[in-house]
Amino acid sequence: LGFSKEIRAKQAQKKALQKIDAKKYKIVVERFEGEKIAHWHLVVQPADSSVQNQVDEISRGLGATESCGRSLQEVVEKPVIYLYPSRPTDVLVQLDLRGDFVFTHPAYDESISGWSVTAYPDGHLLNHADKEEYSYLFWEGKNLQSSFDLSTGFVVPGNQSRDFLRSTLKKMGLTAKEYNEFLVYWVPRMQDNPYNLIHFAGEEYTQAAPLQITPKPDSMLRVFMVFQALPKPISIPEQKIVPFERKGFSVVEWGGIEL
(Lines give C-alpha, C1' and ligand atoms only; values in the text may rest on other atoms or scores of the structure.)
Protein backbone atom coordinates (compact mmCIF):
# COMPACT_ATOMS: atom_id res chain seq x y z
CA LEU A 1 0.00 0.00 0.00
CA GLY A 2 1.05 3.57 -0.55
CA PHE A 3 1.88 5.69 2.48
CA SER A 4 -1.41 7.65 2.45
CA LYS A 5 -3.50 4.48 2.13
CA GLU A 6 -1.58 2.89 4.99
CA ILE A 7 -2.34 5.92 7.17
CA ARG A 8 -6.06 5.82 6.28
CA ALA A 9 -6.21 2.09 6.98
CA LYS A 10 -4.67 2.59 10.42
CA GLN A 11 -7.06 5.51 11.12
CA ALA A 12 -10.04 3.34 10.20
CA GLN A 13 -8.74 0.52 12.36
CA LYS A 14 -8.39 2.86 15.34
CA LYS A 15 -11.89 4.35 14.89
CA ALA A 16 -13.47 0.92 14.47
CA LEU A 17 -11.84 -0.41 17.64
CA GLN A 18 -13.52 2.42 19.56
CA LYS A 19 -16.94 1.26 18.35
CA ILE A 20 -16.75 -2.47 19.12
CA ASP A 21 -16.01 -4.72 22.09
CA ALA A 22 -12.22 -4.77 21.83
CA LYS A 23 -12.00 -7.50 24.47
CA LYS A 24 -14.04 -9.84 22.31
CA TYR A 25 -12.92 -8.90 18.79
CA LYS A 26 -9.82 -7.72 17.03
CA ILE A 27 -9.56 -5.92 13.72
CA VAL A 28 -6.83 -6.56 11.17
CA VAL A 29 -5.99 -4.64 8.02
CA GLU A 30 -6.13 -6.98 5.05
CA ARG A 31 -4.09 -5.78 2.08
CA PHE A 32 -4.17 -7.14 -1.46
CA GLU A 33 -3.05 -6.23 -4.94
CA GLY A 34 -5.75 -5.67 -7.55
CA GLU A 35 -5.11 -5.61 -11.28
CA LYS A 36 -3.79 -2.05 -11.23
CA ILE A 37 -3.76 -0.80 -7.66
CA ALA A 38 -3.31 -1.94 -4.06
CA HIS A 39 -6.38 -2.10 -1.83
CA TRP A 40 -7.17 -2.55 1.84
CA HIS A 41 -10.08 -3.71 3.97
CA LEU A 42 -10.72 -4.21 7.67
CA VAL A 43 -11.53 -7.73 8.83
CA VAL A 44 -13.14 -8.59 12.16
CA GLN A 45 -11.79 -11.64 14.01
CA PRO A 46 -13.47 -13.87 15.02
CA ALA A 47 -15.90 -13.44 12.15
CA ASP A 48 -19.19 -11.73 13.07
CA SER A 49 -21.34 -10.38 10.26
CA SER A 50 -23.10 -7.69 12.31
CA VAL A 51 -19.84 -6.35 13.74
CA GLN A 52 -18.23 -6.57 10.29
CA ASN A 53 -21.03 -4.39 8.89
CA GLN A 54 -20.32 -1.73 11.52
CA VAL A 55 -16.63 -1.80 10.69
CA ASP A 56 -17.30 -1.67 6.94
CA GLU A 57 -19.40 1.46 7.40
CA ILE A 58 -16.52 3.18 9.18
CA SER A 59 -13.79 2.00 6.81
CA ARG A 60 -15.65 2.84 3.57
CA GLY A 61 -15.47 6.52 4.44
CA LEU A 62 -11.68 6.28 4.62
CA GLY A 63 -11.19 4.47 1.32
CA ALA A 64 -11.57 0.75 2.06
CA THR A 65 -12.44 -1.48 -0.88
CA GLU A 66 -15.22 -3.88 0.04
CA SER A 67 -14.33 -6.37 -2.66
CA CYS A 68 -11.05 -7.28 -0.99
CA GLY A 69 -12.74 -8.74 2.06
CA ARG A 70 -12.80 -12.38 1.03
CA SER A 71 -12.86 -15.94 2.25
CA LEU A 72 -9.74 -17.85 1.36
CA GLN A 73 -10.38 -19.84 -1.80
CA GLU A 74 -6.80 -21.12 -1.75
CA VAL A 75 -6.28 -24.66 -0.54
CA VAL A 76 -5.09 -25.20 3.02
CA GLU A 77 -2.39 -27.70 2.20
CA LYS A 78 -1.21 -30.79 3.95
CA PRO A 79 -1.94 -30.18 7.55
CA VAL A 80 -0.71 -33.36 9.20
CA ILE A 81 -1.42 -34.22 12.82
CA TYR A 82 1.07 -36.28 14.84
CA LEU A 83 -0.01 -37.87 18.13
CA TYR A 84 2.59 -38.86 20.75
CA PRO A 85 1.04 -40.37 23.89
CA SER A 86 3.31 -41.67 26.65
CA ARG A 87 1.70 -45.12 26.26
CA PRO A 88 -0.71 -46.74 23.75
CA THR A 89 -3.91 -44.71 23.98
CA ASP A 90 -7.29 -44.63 22.26
CA VAL A 91 -7.71 -41.08 20.97
CA LEU A 92 -10.62 -39.18 19.42
CA VAL A 93 -9.48 -36.33 17.17
CA GLN A 94 -12.26 -33.92 16.12
CA LEU A 95 -11.68 -31.17 13.56
CA ASP A 96 -14.48 -28.63 13.08
CA LEU A 97 -13.26 -27.02 9.85
CA ARG A 98 -14.76 -23.62 9.01
CA GLY A 99 -14.55 -24.46 5.33
CA ASP A 100 -14.69 -27.50 3.04
CA PHE A 101 -12.55 -30.62 3.10
CA VAL A 102 -10.70 -31.46 -0.11
CA PHE A 103 -9.12 -34.73 1.02
CA THR A 104 -8.43 -36.62 4.25
CA HIS A 105 -6.32 -39.70 4.99
CA PRO A 106 -7.51 -41.79 6.70
CA ALA A 107 -11.06 -40.87 5.70
CA TYR A 108 -12.72 -38.28 7.96
CA ASP A 109 -15.63 -39.89 9.81
CA GLU A 110 -18.61 -37.52 9.63
CA SER A 111 -20.44 -39.40 12.38
CA ILE A 112 -17.78 -38.43 14.94
CA SER A 113 -16.50 -35.27 13.19
CA GLY A 114 -13.00 -36.66 12.94
CA TRP A 115 -10.99 -39.79 13.56
CA SER A 116 -10.89 -42.51 16.21
CA VAL A 117 -7.46 -44.11 16.53
CA THR A 118 -5.11 -45.92 18.84
CA ALA A 119 -1.95 -43.82 19.10
CA TYR A 120 1.46 -45.17 20.10
CA PRO A 121 4.46 -43.39 21.68
CA ASP A 122 6.50 -43.57 18.44
CA GLY A 123 3.72 -41.70 16.61
CA HIS A 124 2.20 -44.47 14.53
CA LEU A 125 -1.57 -44.81 14.55
CA LEU A 126 -4.10 -47.61 14.17
CA ASN A 127 -7.27 -46.22 12.63
CA HIS A 128 -10.34 -47.88 14.15
CA ALA A 129 -12.56 -47.47 11.06
CA ASP A 130 -10.42 -49.44 8.60
CA LYS A 131 -7.99 -51.20 10.97
CA GLU A 132 -5.05 -49.80 8.97
CA GLU A 133 -1.85 -48.18 10.27
CA TYR A 134 -0.88 -44.56 9.53
CA SER A 135 2.03 -42.26 10.34
CA TYR A 136 -0.24 -39.26 10.96
CA LEU A 137 -3.67 -37.81 10.22
CA PHE A 138 -3.77 -35.84 6.97
CA TRP A 139 -6.30 -33.29 5.76
CA GLU A 140 -6.64 -30.56 3.17
CA GLY A 141 -9.38 -27.94 2.94
CA LYS A 142 -10.54 -24.92 0.98
CA ASN A 143 -12.75 -21.86 1.47
CA LEU A 144 -11.33 -21.38 4.96
CA GLN A 145 -13.38 -18.74 6.76
CA SER A 146 -10.47 -16.65 7.89
CA SER A 147 -8.03 -14.01 6.77
CA PHE A 148 -4.40 -13.58 7.72
CA ASP A 149 -2.55 -10.51 8.94
CA LEU A 150 0.81 -10.46 7.16
CA SER A 151 2.00 -7.25 8.82
CA THR A 152 4.65 -9.25 10.71
CA GLY A 153 6.75 -12.16 9.54
CA PHE A 154 9.90 -12.77 7.56
CA VAL A 155 11.01 -11.80 4.06
CA VAL A 156 13.35 -14.52 2.80
CA PRO A 157 15.13 -14.93 -0.56
CA GLY A 158 13.69 -17.94 -2.33
CA ASN A 159 17.04 -19.74 -2.49
CA GLN A 160 17.38 -19.41 1.29
CA SER A 161 13.93 -20.91 2.05
CA ARG A 162 15.26 -24.32 3.04
CA ASP A 163 17.82 -23.03 5.55
CA PHE A 164 15.43 -20.46 7.00
CA LEU A 165 12.62 -22.96 7.50
CA ARG A 166 14.88 -25.66 8.93
CA SER A 167 16.31 -23.22 11.47
CA THR A 168 12.93 -21.69 12.37
CA LEU A 169 11.08 -24.99 12.68
CA LYS A 170 13.87 -26.35 14.89
CA LYS A 171 13.51 -23.26 17.06
CA MET A 172 9.75 -23.82 17.26
CA GLY A 173 10.31 -27.35 18.53
CA LEU A 174 9.69 -29.67 15.58
CA THR A 175 11.71 -32.88 15.48
CA ALA A 176 13.98 -33.73 12.54
CA LYS A 177 11.35 -36.11 11.17
CA GLU A 178 8.63 -33.45 11.38
CA TYR A 179 10.55 -30.52 9.94
CA ASN A 180 12.09 -32.61 7.14
CA GLU A 181 8.61 -33.73 6.06
CA PHE A 182 7.61 -30.06 6.10
CA LEU A 183 10.65 -29.05 4.04
CA VAL A 184 10.27 -31.64 1.29
CA TYR A 185 6.67 -30.55 0.79
CA TRP A 186 7.03 -26.76 0.88
CA VAL A 187 10.56 -25.82 -0.22
CA PRO A 188 10.07 -26.88 -3.88
CA ARG A 189 7.16 -24.41 -3.99
CA MET A 190 9.23 -21.55 -2.59
CA GLN A 191 12.85 -21.88 -3.70
CA ASP A 192 12.43 -20.39 -7.18
CA ASN A 193 10.57 -17.27 -6.04
CA PRO A 194 12.68 -14.10 -5.86
CA TYR A 195 11.51 -13.61 -2.26
CA ASN A 196 8.89 -15.08 0.06
CA LEU A 197 6.90 -13.28 2.71
CA ILE A 198 6.43 -15.89 5.45
CA HIS A 199 4.10 -15.60 8.41
CA PHE A 200 3.19 -18.25 10.99
CA ALA A 201 -0.50 -17.92 11.79
CA GLY A 202 -1.95 -18.13 15.28
CA GLU A 203 -5.57 -17.70 16.31
CA GLU A 204 -6.68 -16.72 12.81
CA TYR A 205 -5.87 -20.32 11.84
CA THR A 206 -6.80 -22.23 15.00
CA GLN A 207 -10.19 -20.50 15.24
CA ALA A 208 -10.96 -21.45 11.62
CA ALA A 209 -9.92 -25.08 12.18
CA PRO A 210 -10.69 -25.86 15.85
CA LEU A 211 -9.16 -29.12 17.01
CA GLN A 212 -10.57 -31.05 19.96
CA ILE A 213 -8.67 -34.10 21.15
CA THR A 214 -9.84 -36.63 23.75
CA PRO A 215 -8.06 -37.35 26.06
CA LYS A 216 -6.79 -33.78 26.21
CA PRO A 217 -3.09 -33.47 25.28
CA ASP A 218 -0.61 -32.19 27.84
CA SER A 219 1.05 -30.09 25.12
CA MET A 220 0.07 -29.14 21.58
CA LEU A 221 1.79 -27.22 18.78
CA ARG A 222 -0.02 -26.14 15.60
CA VAL A 223 2.35 -24.70 12.99
CA PHE A 224 0.59 -23.07 10.06
CA MET A 225 2.73 -21.22 7.53
CA VAL A 226 1.19 -18.54 5.33
CA PHE A 227 3.44 -17.40 2.49
CA GLN A 228 3.31 -15.17 -0.53
CA ALA A 229 5.84 -14.82 -3.32
CA LEU A 230 7.33 -11.33 -3.72
CA PRO A 231 9.12 -9.85 -6.73
CA LYS A 232 11.32 -7.74 -4.44
CA PRO A 233 11.91 -7.45 -0.68
CA ILE A 234 9.71 -5.36 1.60
CA SER A 235 10.31 -4.24 5.18
CA ILE A 236 8.06 -5.63 7.94
CA PRO A 237 8.56 -6.24 11.67
CA GLU A 238 9.96 -9.68 12.41
CA GLN A 239 7.55 -12.14 13.98
CA LYS A 240 8.41 -13.50 17.41
CA ILE A 241 8.97 -17.26 17.54
CA VAL A 242 8.02 -19.00 20.80
CA PRO A 243 9.68 -22.42 21.46
CA PHE A 244 7.39 -25.37 22.15
CA GLU A 245 8.00 -27.63 25.15
CA ARG A 246 6.83 -31.23 24.78
CA LYS A 247 5.45 -32.86 27.88
CA GLY A 248 3.28 -35.89 28.47
CA PHE A 249 0.82 -36.59 25.67
CA SER A 250 2.04 -34.28 22.88
CA VAL A 251 0.31 -33.31 19.64
CA VAL A 252 2.04 -31.58 16.73
CA GLU A 253 0.42 -30.31 13.55
CA TRP A 254 1.93 -28.55 10.56
CA GLY A 255 0.42 -27.20 7.37
CA GLY A 256 0.30 -24.08 5.26
CA ILE A 257 -1.25 -21.98 2.54
CA GLU A 258 0.11 -20.01 -0.41
CA LEU A 259 -1.64 -16.71 -1.04
Side-chain angles (χ1 to χ4, degrees), residues 13 17 22-31 43 45-46 72 76-86 93 95-98 119 123 136-137 139 144 146-157 160-187 190 195-213 215-228 230 233-259:
Q13 185 183 39
L17 284 169
K23 292 183 179 179
K24 185 175 181 181
Y25 301 99
K26 68 177 181 178
I27 297 174
V28 300
V29 178
E30 183 180 74
R31 305 159 176 84
V43 177
Q45 296 178 351
L72 289 171
V76 177
E77 295 188 57
K78 207 185 180 182
V80 296
I81 303 169
Y82 306 92
L83 307 175
Y84 302 108
S86 55
V93 178
L95 177 63
D96 183 16
L97 183 64
R98 311 295 201 248
Y136 44 67
L137 303 175
W139 66 273
L144 193 67
S146 186
S147 57
F148 299 103
D149 180 5
L150 304 186
S151 61
T152 65
F154 307 90
V155 177
V156 181
Q160 296 178 23
S161 298
R162 185 204 313 255
D163 291 342
F164 167 79
L165 288 172
R166 181 191 291 117
S167 172
T168 303
L169 295 171
K170 276 185 179 181
K171 187 182 300 184
M172 286 182 173
L174 268 64
T175 65
K177 175 182 183 295
E178 293 161 357
Y179 67 68
N180 280 316
E181 290 180 347
F182 185 107
L183 294 176
V184 298
Y185 185 82
W186 286 106
V187 171
M190 306 170 73
Y195 292 88
N196 293 299
L197 169 56
I198 299 171
H199 174 81
F200 294 97
E203 287 186 356
E204 65 266 45
Y205 169 65
T206 59
Q207 290 180 356
L211 195 58
Q212 181 173 326
I213 299 176
K216 185 177 179 180
D218 299 300
S219 54
M220 181 161 66
L221 173 65
R222 304 186 72 186
V223 177
F224 191 77
M225 178 184 71
V226 183
F227 86 94
Q228 185 174 40
L230 298 175
I234 61 173
S235 178
I236 60 171
E238 188 170 297
Q239 186 177 5
K240 183 179 180 181
I241 298 299
V242 179
F244 170 64
E245 180 183 355
R246 297 176 192 240
K247 54 184 179 181
F249 175 22
S250 298
V251 173
V252 174
E253 178 192 51
W254 65 254
I257 190 168
E258 178 179 5
L259 302 183

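Keep in mind that the numbers below use all heavy atoms, side chains included, and drop hydrogens, waters and symmetry copies. In this chain, numbering begins with 1 at the start of the sequence shown.
- Annotation for Lys216 and Phe249: closest pair O-CD2, 4.1 Å, computed over non-hydrogen atoms.
- In this structure, Asn196 contributes its side chain and Met190 its backbone to a donor-acceptor pair below 3.5 Å.
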- [ ] Applying side chain to side chain contact (heavy atoms under 4.5 Å, CB included), run through Val43 and Asp149 and close with a yes or a no.
- [x] CA-CA 9 Å; Val43 177; Asp149 180 5; over 6 Å; no

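- Closest heavy-atom contact between Leu97 and Ala209: CD1-CB, 4.0 Å.
- Here the shortest heavy-atom pairing between Gly153 and Ile236 reads N-CD1, 3.5 Å.
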Task: side chain to side chain contact (heavy atoms under 4.5 Å, CB included) evaluation trace for Val223 with Phe244 - done: CA-CA 10 Å; Val223 177; Phe244 170 64; over 6 Å; no

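- Taking CD of Glu77 as the start and CD1 of Ile257 as the end, the distance is 8.0 Å to the nearest 0.5 Å.
- The closest side-chain heavy-atom distance from Trp254 to Tyr179 is not below 4.5 Å.
- Between Phe224 and Tyr205, the ring-plane angle classifies as parallel under the 30° and 60° cut-offs.
- Across every non-hydrogen atom of Ala119 and Leu83, the tightest pair is CB-CB, 3.9 Å.
- Side-chain atoms of Gln13 come within 3.5 Å of backbone atoms of Ile27 as a donor-acceptor pair (strictly under, hydrogens ignored).
- Between Ser151 and His199, every side-chain heavy-atom pair lies at or beyond the 4.5 Å cut-off.
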Cut-off 3.5 Å, no hydrogens considered: what does the side-chain donor-acceptor table look like for residues 165-172, sequence neighbours left out?
| residue | atom | partner | partner atom | Å |
| --- | --- | --- | --- | --- |
| Arg166 | NH1 | Asp163 | OD1 | 3.2 |
| Thr168 | OG1 | Phe164 | O | 2.8 |

- [ ] Kindly determine whether Ile234 and Tyr195 satisfy side chain to side chain contact (heavy atoms under 4.5 Å, CB included), including the steps that lead there.
- [x] CA-CA 9 Å; Ile234 61 173; Tyr195 292 88; over 6 Å; no

Open item on the list: Please determine whether side chain to side chain contact (heavy atoms under 4.5 Å, CB included) holds for the pair Val28 and Gln45, giving the CA-CA distance in whole Å, both sets of side-chain angles, and the decisive distance to 0.1 Å.
Closed with: CA-CA 8 Å; Val28 300; Gln45 296 178 351; 3.8 Å; yes

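- Put simply, the side chain of Val76 reaches to within 4.5 Å of the side chain of Trp139, judged on heavy atoms.
- The salt bridge (Lys or Arg N to Asp or Glu O under 4.0 Å) analysis of residues 234-247, with sequence neighbours excluded, yields the pairs Glu178-Arg246.
- Taking Tyr136 as the reference, Tyr82 meet the ring pair (Phe, Tyr, Trp, His ring centres under 6.0 Å) condition, with sequence neighbours excluded.
- Residues Pro217 and Val251 share a closest heavy-atom pair of CG-CG2, 3.5 Å.
- Residues Met220 and Leu211 share a closest heavy-atom pair of SD-CD2, 4.1 Å.
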